[in-house]
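Read through the structure below, which is laid out as structure tokens, and then see the notes.
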Amino acid sequence: MSKKKTVAQPPEKFTGIQLTKVPASAAGIKAIRSTFKHIKEEVGIVKGIGLLSKINQKDGFDCPGCAWPDPDAKRAFLAEYCENGAKAIAEEATKNRVSPLFFASHSVAELAKLSDYEIGKKGRITHPVLLKPGSSHYEKISWQDAFDLIGRELNALSSPNEAIFYTSGRTSNEAAFLYQLFVRQFGTNNLPDCSNMCHESSGAALSETLGIGKGSVTLDDFNHADLVIVMGQNPGTNHPRMLSALADTKKNGGKIITVNPLPEVGLLEFRNPQKPLKWFSGEQLTDIFLQVKINEDVSLLKAILLLLIAKEEANPGSIFDHDFITQKTQGLDQFLADLKRYDLDELIENTGLDKSAVIEAANLIATSKKIIICWAMGLTQHKNAVDNIREIVNLLLLKGSIGKKGAGTCPVRGHSNVQGDRTMGIWEKPKDSFLDALEKEFKFNAPRDHGYDVVDAIEAMHSKKAKVFIAMGGNFISATPDTEVTAEALQNCELTVHISTKLNRSHVIHGRQALILPCLGRSEKDAQESGEQFVSVENSMGVVHQSTGHLAPLSEELLSEPAIVAGIAEATLQNSKVVWSRLVSNYDFIRDKIEATIPGFDNYNERVRKKGGFYLPNNSRKGDFAPTYTGKANFTINAISDVKLEKNQFIMMTIRTHDQYNTTIYGLNDRYRGVLNERRIVFMNAQDMTEQGLQKLDTVDLISHFNETQRVAKKFLVVPYSIPRQCTATYFPEANVLVPLKSVAHTSNTPASKTVVISIEKSK
């Protein structure tokens, strides 16, 4: 095996799988035990409890995990977080250190042989380090020398477009705003971010249909909904606090429909850890579970829509909100004409569901006035992902379920400030109005050509059109598709720079030179010239609020992300009129500039200091769709999946384990699916296994098929599971190598990580 393959992919080794019974409920006492186990191992119980008491509190720090919103009013004293949020904080405050001595003792080649879990557990990085050309070890470098090196490499480029500036969703509003300002003053819009790989499809679909790329609901809307439909999402692992909101829906008389290829425990029965009386007896959440085949969501929605139309035609005015449709929407006739081309029975056959289950769901939707539809990456990472979201909007528009309390769209975002990053201008396709505002405030000519998104950036580095890669957070190699191609792309760069808190696999996939610049974590105090600072973030429902660290920094050598951006900018930009050091001396100055350039941030410094923060403007929440190209909410015509499987082929989707958040792996267990101490597995339907001559825990190789090319991931264990025929599921990043770079969603260009055509062979 070549060196690149060894470095790029997680090692092909097993860790000792144990299969257990899939639990009947999520959270409860087991989640509490797991939380304190991680806290004890990483930081100790006393320090850990102090940390937990500050997570997501109005005077505390925002959890660096998911973007699920906090209650506007009263918050739980010691449990306004979830199990995985506690794991994230434990790893951020860990006792383990990655010091210059560590790097002197461990070569890059040695670190590359470790799994992502093993790399992450090494701990927090304490000093900036440099990997020189041809060197085998990172070594300590001063901050100024690091900044100067970056400045020299950037200024040596033939064009600013030869540099790529990636952003992870954990970056604060203040850091993100400074970062995009520096990048645009440097002269490029090459600002790809993690949204490109997750909810870009949501933003594209919602902007076209409703005039804003964000959801329309607030947390309180869950208290007033008649029906919540959860599609392509696993809240029990990825957004556990959402289960409390769903429980509130049920408590107030609402119903829940779940649509997903896998039965996720958290959506079936929930034991609320904030309520001790619920620790041992759960509450059922899902009323109807539709176990749809992978990427047949549009077929399901069209089938439901046909059933609703039949009811409406039989009793006009009983199902649809005609006043809303007439006053607020455009394109109904074309939408209905296209929909009626489809055959109901064929659509239901596509889904793999019983007709009776689809009819039951349609009946519940028909009698519901206020409907919320939630979704995550199970809908956004397909070739027709934008169609998935637009068809959701079609359903809500027919019911008049947008722009009123208890109803609307709810894309459930990932990282805690991924939505805020986009609001701050982290986007490769900025609007002219935003660039105009930057030019007016900062007196420079902003670049107008669109930049690279993630897929474009990988292709540019791979073809050597881009030569410098800088990442503000994240783990690029483990988050992106087509692992080998992405690795070659990064290794083609003259310089790769990672602004990070912890060691990750991206640090061993490097350019000719490589820098790791360690930054403060969310939980740590941020002292600048004017004193201790706070930062601000935007949650999944558009609330901007402050986050204040409470721990002493683990190393005196750490800088904040805004300070790192300012240092790079001062070393790179010779003629900038921005006094970067002044902006960083007091983050109020940064927020003043945000207020001056971004709508919705009036009196920013005053409003963000109010406990709980403030809501940003949201036109669709108010039922105002003027920003669309028609001035109204738009019905759209959408296509069902065109994937055709040959004999012995399957659709594979990549998923997370319960001990994982995005690319961060906290442990080796997937407790809610009954898999312990192993990640290299493939979930299969038992009948498919029989037809393939496979038995439980057979070792297999997975081969993906795309445009007559094949990609191979070796050594996976077969686990029988409740999943539709011809559907499989594997964990990422282990299976990312199978995701073709050019297999993307139309319009959004998001990698189709949930629609990978594979075949399965026994390992030799």
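All values reported here derive from a predicted model rather than from experimental measurement.
- Among residues two or more places apart in sequence or in another chain, the side chain to side chain contact (heavy atoms under 4.5 Å, CB included) test is passed with S318 by E312, N315.
- Listed by first and then second residue, the ring pair (Phe, Tyr, Trp, His ring centres under 6.0 Å) pairs involving residues 205-226 are W68-F222 (not counting sequence neighbours).
- Side-chain atoms of Y604 and S536 form a donor-acceptor pair, as typed in the model, at a separation below 3.5 Å.
- Applying the side chain to side chain contact (heavy atoms under 4.5 Å, CB included) criterion to S368, with sequence neighbours excluded, gives D226, L227, L364, I371.
- Taking the six-membered ring for Trp and thresholds of 30 and 60 degrees, F165 and Y179 have ring planes more than 60 degrees apart, a perpendicular arrangement.
- Atom CG of D449 has 12 or fewer heavy atoms from other residues, nucleotides or ligands within 6.0 Å.
- Using a 3.5 Å distance cut-off with no hydrogens or angles, the side chains of E441 and T597 do not pair a donor with an acceptor.
- Looking at residues two or more places apart in sequence or on another chain, you find no salt bridge (Lys or Arg N to Asp or Glu O under 4.0 Å) involving E606.
- Partners of K404 according to the side-chain hydrogen bond (donor to acceptor under 3.5 Å, both in side chains) rule, which considers only residues two or more places apart in sequence or in another chain, do not exist here.
- In this view, E264 and R673 satisfy the salt bridge (Lys or Arg N to Asp or Glu O under 4.0 Å) rule, not counting sequence neighbours.
- In terms of heavy atoms, K340 sits closest to L306 at CA-CD2, 4.3 Å.
- Counting only distance, with no hydrogens or angles, the side chain of Q327 and the backbone of F324 share no donor-acceptor pair below 3.5 Å.
- Qualifying side-chain hydrogen bond (donor to acceptor under 3.5 Å, both in side chains) partners for R341, counting only residues two or more places apart in sequence or in other chains: D338.
- Checked by atom type and distance alone, the side chain of N189 never pairs as donor or acceptor with a backbone atom of P430 at under 3.5 Å.
- Applying the side chain to side chain contact (heavy atoms under 4.5 Å, CB included) test to A303 and every residue at least two apart in sequence or in another chain returns L344, L347, I348, V358.
- With hydrogens and angles disregarded, no donor-acceptor distance shorter than 3.5 Å links the side chain of D421 to the backbone of V418.
- Under a 3.5 Å cut-off, the side chain of R184 and the backbone N or O of G425 do form a donor-acceptor pair.
- For T380, the side chain to side chain contact (heavy atoms under 4.5 Å, CB included) partners are H199, S201, S202, W375, M377, I389, not counting sequence neighbours.
- No donor-acceptor pair closer than 3.5 Å links the side chain of N190 to the backbone N or O of A457.
- Residue pairs meeting the salt bridge (charged side-chain N to carboxylate O under 4.0 Å, His left out) criterion with at least one partner in residues 165-181, sequence neighbours excluded, are E174-R591.
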For the pair K370 and D221, evaluate salt bridge (Lys or Arg N to Asp or Glu O under 4.0 Å) and give the outcome as yes or no after the intermediate values. CA-CA 9 Å; K370 296 176 293 183; D221 282 317; over 6 Å; no
For the pair N196 and N749, evaluate side chain to side chain donor-acceptor pair (under 3.5 Å) and give the outcome as yes or no after the intermediate values. CA-CA 7 Å; N196 296 152; N749 212 35; over 6 Å; no
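- K250 places no side-chain N or O within 3.5 Å of a backbone atom of I256 that could act as its donor or acceptor partner.
- L398 contributes atom CG, which lies 10.0 Å from atom CG of D321 (distance to the nearest 0.5 angstrom).
- Using a distance-only test at 3.5 Å, with no hydrogens or angles considered, no donor-acceptor pair links the side chain of N363 to the main chain of E360.
- Between the side chain of T628 and the backbone N or O of G631, at least one donor-acceptor pair lies under 3.5 Å.
- For the residue pair D592/N605, the side-chain donor-acceptor check at 3.5 Å is satisfied.
- By the side-chain hydrogen bond (donor to acceptor under 3.5 Å, both in side chains) test, E391 is found to be paired with K302, N394, N638, residues two or more places apart in sequence or in another chain being considered.
- Under the side-chain contact (heavy atoms from CB on, under 4.5 Å) rule, F635 has a single partner from I325, D333, L336, T209, which is I325.
- There is a side-chain donor-acceptor pair under 3.5 Å between K754 and Q381.
- Between the side chain of E428 and the main chain of P192, no donor-acceptor pair closer than 3.5 Å is present.
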Determine whether D453 and K429 satisfy the following criterion, salt bridge (Lys or Arg N to Asp or Glu O under 4.0 Å), listing intermediate values before the conclusion. CA-CA 9 Å; D453 63 15; K429 300 172 184 174; 5.1 Å; no
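- In this structure, R621 contributes its side chain and G403 its backbone to no donor-acceptor pair below 3.5 Å.
- Residue K255 qualifies as open at atom NZ: its count of foreign heavy atoms under 6.0 Å is 12 or below.
- Residues satisfying the side-chain hydrogen bond (donor to acceptor under 3.5 Å, both in side chains) criterion with S641, sequence neighbours excluded, are N295.
- Of all heavy-atom pairs between Y166 and C194, the closest is OH-CB, 3.5 Å.
- Side-chain polar atoms of H746 and D387 form a donor-acceptor pair below 3.5 angstrom.
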